[in-house]
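Start at 1 with the first residue, then count along the sequence.
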Amino acid sequence: HPQRNMSFLAEVQSRGDDDERTVVAEIMRRCFVPAFVTTVPWEGFHFAGHEIRINEATDCYGAVVWPSALVLCYFLETNVKQYNMADKNVIEIGAGTGLVSIVASLLGAHVTATDLPEVLGNLQYNISRNTKMRAKHLPQVKELSWGVALDKNFPRASTNFDYILAADVVYAHPFLEELLITFEHLCKETTVILWVMKFRLEKENKFVDRFEQLFDLEEISSFPSLNIKLYKAMKKNLKSACYPQRRTWKAKAISGRLLL
């Protein structure tokens, strides 16, 4: 239902601390829903100076906008100095409805939005509708089944992404090892992963433990009331693997912005 995110985020207003409530209020102000019932479910958002309209479907996890995507969009919009998307090569894995890819594109990135074949039609529609005549670089939509034909479809020699974006790609599915392989394959030494995750089950904690074997992981921000965390990660090198990880960053929400 289009009002799902509004209701879910509104819960934080009564449970979160002051900083968390401030950020969530800012995110909620960027969301709007149809004023009347429509045949195709959709949600509207204001990010990167544009109105974005996202068509959804209720029969697939990848065809709805989840709160983690809103957190990542807000972070990209409000941290353009630290994480400048302009003219950067960006890939989103598990792009779903395409909202995060659209925002990255409107912020100036060369975006490749990827997901499973069954959601590519809606993904392509949303991206085309919201970036045509708006974005500096038109995004590409590409099939990516985690762990499958990576060398063929994303050869290491020609794959060079500055950023990998991921929102809510870890949940109760049997492909977590394939997801980890995909992260590793797409990463160069300088690639930055920006990953938002909602913790639901013990599987999420176990995945984070496995992830930290291959990547230096830093928690940038957290939303305890939503059980959501925002991470930055980079591939470990031999030197970093031999020393303790740096202390995780902490973020404070001030005046609706995440200041690192």
Side-chain angles (χ1 to χ4, degrees), residues 48 69 72-73 75-77 79-96 98-117 119-120 123-124 127-128 130-131 134-170 175-197 207 210-218 220 230-241 245-246 249 260:
L72 185 50
C73 289
F75 178 81
L76 294 176
E77 181 186 63
N79 288 273
V80 292
K81 290 184 178 180
Q82 297 94 328
Y83 300 95
N84 185 3
M85 295 286 113
D87 300 321
K88 298 296 193 300
N89 290 320
V90 175
I91 186 169
E92 184 185 5
I93 60 175
L99 178 61
V100 172
S101 288
I102 290 165
V103 171
S105 178
L106 294 175
L107 291 171
H110 295 271
V111 174
T112 302
T114 69
D115 213 313
L116 296 171
V119 300
L120 292 186
L123 174 60
Q124 181 68 71
I127 283 182
S128 298
N130 291 286
T131 61
R134 293 180 174 185
K136 181 179 180 181
H137 312 289
L138 288 180
Q140 296 182 20
V141 173
K142 193 169 182 179
E143 178 185 340
L144 174 55
S145 299
W146 299 335
V148 177
L150 294 176
D151 289 319
K152 176 184 176 182
N153 297 326
F154 297 90
R156 289 183 188 271
S158 57
T159 297
N160 187 22
F161 293 111
D162 299 295
Y163 290 97
I164 297 175
L165 305 178
D168 232 356
V169 293
V170 179
F175 306 108
L176 294 181
E177 191 64 29
E178 290 82 354
L179 174 59
L180 190 64
I181 291 169
T182 302
F183 270 125
E184 193 279 331
H185 180 86
L186 295 174
C187 268
K188 301 288 189 183
E189 285 71 17
T190 58
T191 303
V192 173
I193 299 171
L194 293 175
W195 166 33
V196 181
M197 183 166 75
F207 182 81
R210 287 281 290 115
F211 189 87
E212 287 187 290
Q213 295 175 15
L214 298 177
F215 297 91
D216 288 318
L217 187 66
E218 301 175 348
I220 296 178
L230 168 61
Y231 293 108
K232 170 191 173 183
M234 297 184 74
K235 183 180 286 189
K236 284 182 180 290
N237 54 45
L238 292 177
K239 182 178 180 180
S240 66
Q245 286 186 304
R246 291 170 290 177
W249 297 357
L260 304 185

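Between I93 and L186 the shortest side-chain heavy-atom distance falls below 4.5 Å. Counting heavy atoms from C-beta on, the side chains of W146 and I181 never come closer than 4.5 Å. The closest side-chain heavy-atom distance from M234 to I193 is not below 4.5 Å. The side-chain heavy atoms of K232 and Y83, taken from C-beta on, include a pair separated by under 4.5 Å.
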What do the steps show when you test E212 against K236 for salt bridge (charged side-chain N to carboxylate O under 4.0 Å, His left out), and what is the final call?
CA-CA 9 Å; E212 287 187 290; K236 284 182 180 290; over 6 Å; no
So F75 and I220, side chain to side chain contact (heavy atoms under 4.5 Å, CB included) or not? Walk me through it.
CA-CA 10 Å; F75 178 81; I220 296 178; 3.9 Å; yes
- [ ] Might you work through the side chain to side chain contact (heavy atoms under 4.5 Å, CB included) test for F207 and L179, ending with a clear yes or no?
- [x] CA-CA 10 Å; F207 182 81; L179 174 59; 3.8 Å; yes
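Applying the salt bridge (charged side-chain N to carboxylate O under 4.0 Å, His left out) test to pairs two or more places apart or on separate chains, none has a residue in residues 158-167. The salt bridge (charged side-chain N to carboxylate O under 4.0 Å, His left out) contacts involving residues 180-189 comprise R156-E184, E184-K235, where partners must be two or more places apart or lie in separate chains.
Residues that satisfy the side chain to side chain contact (heavy atoms under 4.5 Å, CB included) test with A157, not counting sequence neighbours, are absent from this structure. For D168, the side chain to side chain contact (heavy atoms under 4.5 Å, CB included) partners two or more places apart in sequence, or in a different chain, are W66, S68, K198, R200. Scanning for side chain to side chain contact (heavy atoms under 4.5 Å, CB included) contacts around S145 gives L116, P117, E143, V148, with sequence neighbours left out.
Residues A233 and L217 come closest through the heavy atom pair CB-CD1, 3.8 Å. The two residues D115 and G96 have their closest heavy-atom pair at OD2-N, 2.7 Å. The two atoms that bring G147 and T182 nearest to each other are N-OG1, 2.9 Å, heavy atoms only. The two atoms that bring I164 and C187 nearest to each other are CD1-SG, 3.6 Å, heavy atoms only. In this structure, S101 and I127 approach most closely via the heavy-atom pair CB-CD1, 4.2 Å. Here the closest non-hydrogen pair linking A48 and E77 is N-OE2, 2.7 Å.
Remark: Y231 OH to E218 CD distance equals 12.0 Å, nearest 0.5 Å. Residue H185 holds its NE2 atom at 13.5 Å from CG of L180, rounded to the nearest 0.5 Å. With rounding to the nearest 0.5 Å, the separation of OG1 in T114 from CG in L120 is 8.5 Å. To the nearest 0.5 Å, atoms CD1 (I102) and OG1 (T131) are separated by 7.0 Å. The CG atom of L76 sits 8.0 Å away from atom CG of N79, with the distance rounded to the nearest 0.5 Å.
Figure legend: K142 and F154 shown as a cation-pi pair, the cationic atom lying under 6.0 angstrom from the six-membered ring centre and within 45 degrees of its axis.
A distance-only check finds a donor-acceptor pair linking the side chain of T191 to the backbone of F161 [under 3.5 Å].
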All N/O donor-acceptor pairs, side-chain side in residues 104-112, below 3.5 Å, sequence neighbours left out:
residue: S105; atom: OG; partner: H137; partner atom: O; Å: 3.3
residue: H110; atom: NE2; partner: H137; partner atom: NE2; Å: 3.4

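Partner L72 forms a side chain to side chain contact (heavy atoms under 4.5 Å, CB included) with one of L99, V196, V103 and no other, that one being V196. For the side chain to side chain contact (heavy atoms under 4.5 Å, CB included) test with E92, the passing option among L165, L194, V169 is L165; the others fail.
The aromatic rings of F211 and W195 sit tilted relative to each other, their planes meeting at an angle between 30° and 60°.
Side-chain contact, S128 with Q124: a donor N or O sits under 3.5 Å from an acceptor N or O.
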